[in-house]
Number of protein chains: 2
Amino acid sequence: MSKCEQCIAKQLNSLQSMTSEELRKVSACKTTRYYKKGDIIFDEGESLHGVYCVRSGVCKLTKLSANGKDHTVKLLGKGELLGQRSVISDERTNLSAVALNDIELCFVPKDQIVTPLHENQNFSFDVLQSLAKDLRSAEDDLINMAQKTVKQRMAETLIYIQKVFGTDASGALNVILSREDYASIVGTATESAIRILSQFKKERLIATSGKHITITDLEGLKRVD
Amino acid sequence: MSKCEQCIAKQLNSLQSMTSEELRKVSACKTTRYYKKGDIIFDEGESLHGVYCVRSGVCKLTKLSANGKDHTVKLLGKGELLGQRSVISDERTNLSAVALNDIELCFVPKDQIVTPLHENQNFSFDVLQSLAKDLRSAEDDLINMAQKTVKQRMAETLIYIQKVFGTDASGALNVILSREDYASIVGTATESAIRILSQFKKERLIATSGKHITITDLEGLKRVD
DNA sequence: CTTTTAATATGATTTTTATCATGTTTTCCG
DNA sequence: CGGAAAACATGATAAAAATCATATTAAAAG
């Protein structure tokens, strides 16, 4: 099994602030897990026994609301950590994690995270900063949800996905989502998501071919209101 | 000036995890500041030189959105810390803080927070946990915003304010907000907020007298849809 | 104490978005 | 491959909420 010390994904998260000794321990007891598209990594309300680090692929964090609809809170890609917060606050998970394509996760037992958090100042400060960033971005999302139209949120979602997860050789978004997934991120009805994407296509802001979406007019998307 | 060591507000936040030596230092260099209703404590985009701890009164954290309307992200009462996140991530503030009534804040210079964060494991773990909680609650708010009706959000806002800030001798909510403030919390137009509160009154879920609001049927409010 | 201004209230209308209905196209799987 | 199921698409309608308009009331200022 590959070692954490050389892992590229690690560079992207707080684990890089661990001492080499801590990292060696993590490496020794981590396990790699594979999930297929649609697989549930964990469900909301579960007690987690560790943290997952994304080695490849993309997954989503969702919450089932009272009306029976899922809301997607965040998409996570390479290097991002899942379950970090639940482990820190020692609570059951607030969100479910679902694979959006075939993914590879490293599972690191709780102890290997919590002990360094109490012993390694650099690590805990790094985690602190990453939580602070998450919090800021959650606040921004809240305000977007409160004050922007569905159309604006959809445009921003497309731009976000392109920015964070990039495009393939043909220029299409790397992350392939169903219209229902888009609806769940934007916070709207599936039909509305479909309609808006159709409209964007008509207005030549995007090009679509099945689930493949290409942003053809980024500036135009930014101007949507 | 009163000492932090004996301060009741301190019991409610992470400062309680400081060592007595750290707390003594904080106490020695903190300053107490008074603000009147409506005063701006800090504006979004400012660089903070420290953290504020609420000794008495209530303030709101708001963000001005593109359409010129304010959105209120959080209400803060006794013991809560303002600016914590900006100081941790060493960024400019994302939100403005405004006094909702006459308030008393203790200002603690940045160093007194950041140094212990690097040196005192208990303190930094405590702050970590409180950020984790804030993050969870921000996620919940996002989902409420995405999936609940304005009426539901208003009902929940009233219940939240009663629960967190309590009622006065007559049973009315302790925190006095304008209809515009309610609109800003709920994320709706001021007229809509007024209309919904009028409707709640008609349905005998609340009683109002000017800005004073009394919840008369808590169970009814919980059932609003 | 009156004048002015801001806050509250409510009706009418429009816009936005959700829901329902019904095809069509993809995708999945035996 | 062929049929079933899921995803996509789009029209029609309904519901939710924003906006515009205009009173009325309360609060602040002189």
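Predicted, not measured: the structure shown is a model, and the values here were computed from it.
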K.L.:
Any side-chain heavy atom of B/Y52 within less than 4.5 Å of one from B/I41?
P.N.:
yes
K.L.:
Near DNA chain D, which residues from residues 191-203 of chain A have a heavy atom under 4.0 Å away?
P.N.:
A/E191, A/I194, A/R195, A/S198
K.L.:
What's the CZ-C1' distance between B/R179 and C/dA6, to the nearest Å?
P.N.:
14 Å
K.L.:
Do we see a donor-acceptor contact under 3.5 Å between the side chains of A/E156 and A/Q152?
P.N.:
no
K.L.:
I'd like to know if B/R85 pairs up with B/D134 as an ion pair, taking the criterion as any Lys NZ or Arg NE/NH1/NH2 lying under 4.0 Å from an Asp or Glu carboxylate oxygen.
P.N.:
no
K.L.:
Does the pair B/K148/B/D225 count as a salt bridge with the N-to-O cut at 4.0 Å?
P.N.:
no
K.L.:
A/F200 and side chain to side chain contact (heavy atoms under 4.5 Å, CB included): which single residue from A/I215, A/I206, A/T208 fits?
P.N.:
A/I206
K.L.:
Could you give the NE2-to-P distance, from A/H212 to C/dT25, as a whole number of Å?
P.N.:
19 Å
K.L.:
Could you give the NZ-to-P distance, from A/K151 to C/dT15, as a whole number of Å?
P.N.:
12 Å
K.L.:
Flag the pair A/K74 / A/I185 as yes when at least one side-chain heavy-atom distance between them is below 4.5 Å, and no otherwise.
P.N.:
no
K.L.:
Heavy atoms under 4.0 Å, any strand shown: does B/T149 hit a base, just sugar-phosphate, or nothing?
P.N.:
sugar-phosphate
K.L.:
Can you establish whether the number of heavy atoms outside A/K78 located under 6.0 Å from its atom NZ is more than 12?
P.N.:
no
K.L.:
Is B/T188 touching bases, backbone alone, or none of the nucleic acid, heavy atoms closer than 4.0 Å?
P.N.:
sugar-phosphate
K.L.:
Could you give the distance from CZ (A/R195) to OG1 (A/T190), rounded to the nearest 0.5 Å?
P.N.:
11.5 Å
K.L.:
Between the opening five pairs and the closing five pairs of the helix from C/dC1-D/dG30 to C/dG30-D/dC1, how far apart are the helix axes, to 10°?
P.N.:
50°
K.L.:
Side chains of B/R92 and B/E46: does their closest heavy-atom pair fall under 4.5 Å?
P.N.:
no
K.L.:
According to a strict under-4.0 Å criterion, is A/S178 in side-chain N/O contact with OP1 or OP2 of D/dA6?
P.N.:
no
K.L.:
Measure the distance from CD on B/E180 to C1' on C/dA9 and round it to the nearest whole Å.
P.N.:
15 Å
K.L.:
Under 3.5 Å between N/O atoms: give me all the protein pairs with nucleotides 24-29 of chain D, atom names plus distance.
P.N.:
none

K.L.:
Answer whether the closest heavy-atom distance between the side chains of A/N94 and A/S86 falls below 4.5 Å.
P.N.:
no
K.L.:
Rounded to whole angstroms, how far apart are CG on B/D181 and P on C/dA6?
P.N.:
16 Å
K.L.:
Can you tell me how far C1' of C/dT16 sits from NZ of A/K148, to the nearest Å?
P.N.:
17 Å
K.L.:
Rounded to the Å, how far apart are B/I213 CD1 and C/dA9 P?
P.N.:
9 Å
K.L.:
Give, for atom CD of B/Q6 and atom OG of B/S27, the distance between the pair rounded to the nearest 0.5 Å.
P.N.:
8.0 Å
K.L.:
Find the distance A/Y182:OH to D/dA9:C1' and express it as a whole number of Å.
P.N.:
17 Å
